[in-house]
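Below is one structure; the comments refer to it alone.
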Protein chains: 2
Amino acid sequence: MATGDTIHLAAQTGCALRLARGETLRVISPTGEQVADVAAFAAADPREWLSTGRTVDYAGSIYVGTGSVLYSNRSTALLTITADTAGRHDLLLSPCSAEMFERLYGIEGHHPSCFENLATSLEPLGVAPDAIPTTLNLFMVVTPDPHTGRIDIGRPSSRPGDHVDLRAEVDLLVGVTACSAELTNNGTLKPIDVEILRGGS
Amino acid sequence: MATGDTIHLAAQTGCALRLARGETLRVISPTGEQVADVAAFAAADPREWLSTGRTVDYAGSIYVGTGSVLYSNRSTALLTITADTAGRHDLLLSPCSAEMFERLYGIEGHHPSCFENLATSLEPLGVAPDAIPTTLNLFMVVTPDPHTGRIDIGRPSSRPGDHVDLRAEVDLLVGVTACSAELTNNGTLKPIDVEILRGGS
């Protein structure tokens, strides 16, 4: 994809792209109320991956927003959030998968999923499906109860046009989805737009 | 390790072992106030790993205890917690690493870490260091503020002799540590005991 291009992700689809150091990935929720899962890997060695566990530890928080740095399993800064008009995102949950739809919602057989969309998009870039870790789930509102631990999945944080800018701190391979889960996107399936901005936002 | 043996993990050390389906791993905090990080991989294909993100999603909770099932990235049930005398454990944070000690505590140079102990123990069994994901951190008390997202790391939940029993649902490779972080173990470094019980607890 040329810098400056926009990728329109239809509902329940995904893409993968190369993001050079210094470039910014803008992830937009054009209609609002839609989650976008993001996975990232170092282009120089895709065995290095965006680790939500390291990111939570270094942030001292399960939430991230403008100014937050997203770290790899090797403690490298991979991405910095340079803009965030929505304000809430999730670092706790795995991307939805066909098995998740069957187990949690009783949907048997094939159902599109963020996991499948990340896996099929990233595999040609050299990332195996089993290497996809817990994702950064943009616009997803997951709130834990500190006493019981129970999580509440709320309506996505994005209003129409809300976006998050992610600046690459190293050359990256990035996967992005328009989430496939009806129930966690307030009942309807919506698109996501992805832009690469040269030189930051 | 023969079934029935006990491994005594000195403070700031770790081990890896094979756990057959139906066997139970008992992780004991003999002195109390000590965290044990656990990583697990399918013995048949170590590319399948214990996923904290999937486990939180299926549990609907960031906390686990007796009866909880720990799932893989492929949604396979890997382990079931059949006993838990402590009551609180963590699924959010990566194992401590030398980089973490430098970044969060200003300790330069080498510092023993759960990550290093898992990596060196698991590598001979065919698990690469980069494949170590966010761990199940037994006895670790990490409490998020639902409004700000800030996490509070409290005194470990274990009193002397507290233990957790983890029954293998498939053949596994398991790494276990006696955590290396002074500050998150109430100021002192303590051992962990590990036993394999045939036929469950």
Contact winner vs chain A - Glu102(B), Glu48(B), Glu99(B), heavy-atom pairs under 4.5 Å: Glu99(B)

Please report the C-alpha distance between Asn73(A) and Ile132(B) in whole Å, then the side-chain angles of each, then the deciding distance to 0.1 Å, and finally whether the side chain to side chain contact (heavy atoms under 4.5 Å, CB included) criterion is met. CA-CA 8 Å; Asn73(A) 61 311; Ile132(B) 296 172; over 6 Å; no

Rounded to the nearest 0.5 Å, what's the gap from OG on Ser75(B) to CZ on Phe115(A)? Could you check? 9.0 Å

Residue Ala59(A) versus chain B: region with a heavy atom under 4.5 Å: backbone

Ignoring hydrogens, what is the shortest heavy-atom contact between Arg74(A) and Asp130(B)? Give both atom names and the distance. NH2-OD2, 2.6 Å

For residues Thr134(B) and Thr134(A), determine if any side-chain heavy atom of one lies less than 4.5 Å from a side-chain heavy atom of the other. no

Select one option (side chain, backbone, both, neither) describing which atoms of Arg103(B) are under 4.5 Å from chain A's heavy atoms. side chain

Using non-hydrogen atoms only, which part of Asp57(B) is less than 4.5 Å away from chain A: side chain, backbone, both, or neither? both

For the residue pair Pro133(B) and Pro133(A), establish whether any side-chain heavy-atom pair is separated by less than 4.5 Å. no

Against chain A, label Tyr58(B) side chain, backbone, both or neither, depending on which of its atoms sit under 4.5 Å from a heavy atom there. both

Just verifying a value: how many Å separate Leu93(B) CG and Ile62(A) CD1, rounded to the nearest 0.5 Å? 10.5 Å

Compare all side-chain heavy atoms of Arg54(A) with those of Ser97(B) and state whether any distance is below 4.5 angstrom. yes

So how far is it from Leu92(B) CG to Leu92(A) CG, rounded to the nearest 0.5 Å? 5.5 Å

Measuring heavy-atom distances to chain B, does Arg88(A) have an atom under 4.5 Å in its side chain, in its backbone, in both, or in neither? side chain

Distance check, rounded to the nearest 0.5 Å: Asp145(A) atom CG versus Tyr63(B) atom OH? 7.5 Å

Using modelled atom types and a 3.5 Å cut-off, is there a donor and acceptor pairing between side-chain atoms of Thr143(A) and backbone atoms of Pro146(B)? no

Using non-hydrogen atoms only, which part of Leu104(B) is less than 4.5 Å away from chain A: side chain, backbone, both, or neither? side chain

What part of Thr148(B) gets closer than 4.5 Å to chain A, counting heavy atoms only: side chain, backbone, both or neither? backbone

Option in Ala128(A), Cys96(A), Ser51(A), Pro95(A) with maximal non-hydrogen atom pairs under 4.5 Å from chain B: Pro95(A)

Main-chain N/O of Ala131(B) paired with Trp49(A) side-chain donor or acceptor, under 3.5 Å: no

